[in-house]
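Letters A, B, ... mirror the listed sequences (proteins, then strands); counts begin at 1. On a predicted model such as this, the values are computed, not experimentally measured, just so you know.
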There are 2 protein chains.
Amino acid sequence: MELKRATDGEKGFEKVFAFLRERLLAGSLKPGDRLISERELATLLGVSRPIVREALRALTVLGIVEIRDRIGTVVTRPDVSVLNDFFTFALAQHADMLDDVMQARVAIECQAVRLACERANIADFERLQRALAKIGETIDEADAGGMADFDFHRAIVVASHSETLTVLHASLAGLLTHSHRSRRELVQAFPSVKTYLMDDHRRIFEAVIARDPERADATLRKHFAIGDEYRRRAVVGDIDKTSASG
Amino acid sequence: MELKRATDGEKGFEKVFAFLRERLLAGSLKPGDRLISERELATLLGVSRPIVREALRALTVLGIVEIRDRIGTVVTRPDVSVLNDFFTFALAQHADMLDDVMQARVAIECQAVRLACERANIADFERLQRALAKIGETIDEADAGGMADFDFHRAIVVASHSETLTVLHASLAGLLTHSHRSRRELVQAFPSVKTYLMDDHRRIFEAVIARDPERADATLRKHFAIGDEYRRRAVVGDIDKTSASG
DNA sequence: TCATCATACTGGTCTGACCACGATCAGACC
DNA sequence: GGTCTGATCGTGGTCAGACCAGTATGATGA
């Protein structure tokens, strides 16, 4: 029974995947190129079409390729947003990881704000300013306020003009939306949070405008620390105080 | 004609993928669990087995699940090595992404070193010290030196005791190894790199020992900046100079 | 009690078919 | 001649049923 073999050691899926990987890494398959049809690929490699589809689907979730219904399979420009899927799965395992994820968010944003100081352009400034204004307008609304808060922070990362940081931030943000919302609930508990929210964000904005990375980083970092402090006090039911540890 | 079912709008692959994603994100499917067989899954969701296999394969390349031949499909603890696949593809066509990823690495490590100052224990200190010693021993070797360098930086992240930061850092590691290796080649070009490598890492280590987050962050950040400067000078063919912009 | 073997699983794969729709080109119409 | 229309072909999307090769398990025999 000379089943298949001989052609190469890999079996089925691996064969197809390796075949495509080779072309993709070598550059003979570039973004925009259309692959040959699944049927051709199947006969070419001596496997069945379902196997070919497994390989194509694998490349799809890796963001390497896009399967277009009734059109064909085309090579896409690698998009970092694939990481989103992975991180969602990877980080959603434990709920107690929220604090930990927050640390990663701080890491990303503090680096982003530094880069933003160097790279931000007029459009970035305007976006930040709009987000800042929005925070002021929605200071008393929980949902809208939370979104405005997040938009500002996202604007910082966007202003860094780093795709990697942007994607990582977006991935982590999904897990932290609750954090943002609960933060806004502090507004009711602690009136001083209002000035904290406005002043902090404004100071960060000003530091970026001044293109002062050190100050921007420090201010943003302090902003996070104070937010933590507020949440901590909310947990223990402390009364309002303006100061908070840094 | 009850073609597709009205139970859900998604079709085929999406249906299965969404079904499994739900369980995985909700936590009803935890690492170590064995999924029901492909056949059961197929009948349960009203799709064919090849479709189920597409979904399982997708989860496999995402590192969420492992298909064991003739055993079954089990949920794995998310493994970052998947991201290496992605980055390998991405970089094959997009070499300029390296700088961008480097920014993410700086972000992660600088935050990690701050946390390490707070959380590092004796074991972490010892690991850092061993890594530091290794850097000194392998200062003249390209490969071993690069590994020692990377090990030190990884030890910092490990000392942060942040799973998320560790995961992110490890995921970027695939790319960073190249960066690390090429960095070591600078040792030949610039003798002063030796002292730079030793002194910088030692200073970082000392800052962590002193549990001084600000100094640790600043030192590490400067370390990266000087490394960049060396690489820049290597590109333009500059001669050796000890000082570098910070 | 223990070793052996039949059986019922599992994943891995193939075959051949159908559907719905986009693309294409020939033919009809203006 | 040029444009519009429609049939055909190709594409992905899916299905059903089958076979293989091992694993795991339980029944059977020693």
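- Using a cutoff of 4.0 Å between basic side-chain nitrogens and carboxylate oxygens, A:R105 and A:E109 are scored as salt-bridged.
- Within the 4.0 Å cut-off from OP1 or OP2 of D:dG10, not a single side-chain nitrogen or oxygen of A:S37 is found.
- Using N1 to N3 plus N6-O4 or O6-N4 for Watson-Crick, or N1-O2 and O6-N3 for G-U wobble, each under 3.5 Å, D:dC20 pairs with C:dG11.
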Taking only distance into account, with no hydrogens and no angle test, what donor-acceptor pairs under 3.5 Å do side-chain atoms of residues 39-46 of chain B form with protein atoms, sequence neighbours excluded?
from  : atom 1 : to    : atom 2 : distance (Å)
B:E40 : OE2    : B:S37 : OG     : 3.3
B:T43 : OG1    : B:R39 : O      : 3.4
B:T43 : OG1    : B:E40 : O      : 2.9

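- Contact annotation: the side chain of B:R114 never approaches that of B:S160 to less than 4.5 Å [non-hydrogen atoms, C-beta and beyond].
- Remark: A:D217 engages B:R221 in a salt bridge, criterion side-chain N to carboxylate O under 4.0 Å.
- Remark: P of D:dG13 and CG of A:L41 are 14 Å apart, rounded to the nearest angstrom.
- Not a single donor-acceptor contact under 3.5 angstrom links the side-chain atoms of B:R70 to the base of C:dG12.
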Pairs of donor and acceptor atoms involving the side chains of residues 120-135 of chain A, under 3.5 Å and at least two apart or interchain, shall be tabulated with distances.
from   : atom 1 : to     : atom 2 : distance (Å)
A:N121 : OD1    : A:A123 : N      : 3.1
A:N121 : OD1    : A:D124 : N      : 2.9
A:D124 : OD1    : A:R127 : NH1    : 3.1
A:D124 : OD2    : A:N121 : N      : 2.9
A:D124 : OD2    : A:H161 : NE2    : 2.6

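- Listed candidates were C:dG11, C:dC14, C:dT13. Nearest to the side chain of B:D69 is C:dG11.
- Residues from residues 53-66 of chain A with heavy atoms under 4.0 angstrom of DNA chain C: there are none.
- We find that CZ of A:F17 is positioned 14 Å from P of C:dT13, with the value rounded to whole Å.
- Not less than 6.0 angstrom separates the ring centroid of B:H153 from the ring centroid of B:H169.
- Side chains of A:L59 and A:F17 form a contact here, defined as non-hydrogen atoms less than 4.5 Å apart.
- In this structure, B:E40 places its CD atom 13 Å from C1' of C:dA8, rounding to the nearest Å.
- In this entry the distance linking CD1 of B:I67 with P of D:dT23 reads 17 Å, nearest Å.
- Between B:T73 and C:dT10 there is no side-chain N or O to OP1 or OP2 distance below 4.0 Å.
- Taking every side-chain heavy atom of B:P50 into account, D:dA16 is the closest of C:dG11, D:dA16, D:dT14.
- Closest-nucleotide positions on DNA chain C for B:L35 and A:V47 were compared, and the one nearer the 5' end corresponds to B:L35.
- Atom CZ in B:R39 sits about 13 Å away from atom P in D:dC19, given to the nearest Å.
- Relative to the side chain of A:I71, the nucleotides C:dA23, D:dG13, D:dC15 differ in distance, and C:dA23 lies closest.
- Rounded to an integer number of Å, the gap from A:E14 CD to C:dG11 P is 17 Å.
- When each of D:dA24, D:dG12, D:dC15 is scored by its nearest atom to the side-chain atoms of A:E38, the top-ranked nucleotide is D:dG12.
- Side chain B:R49 to base C:dT13: a donor-acceptor pair is found below 3.5 Å.
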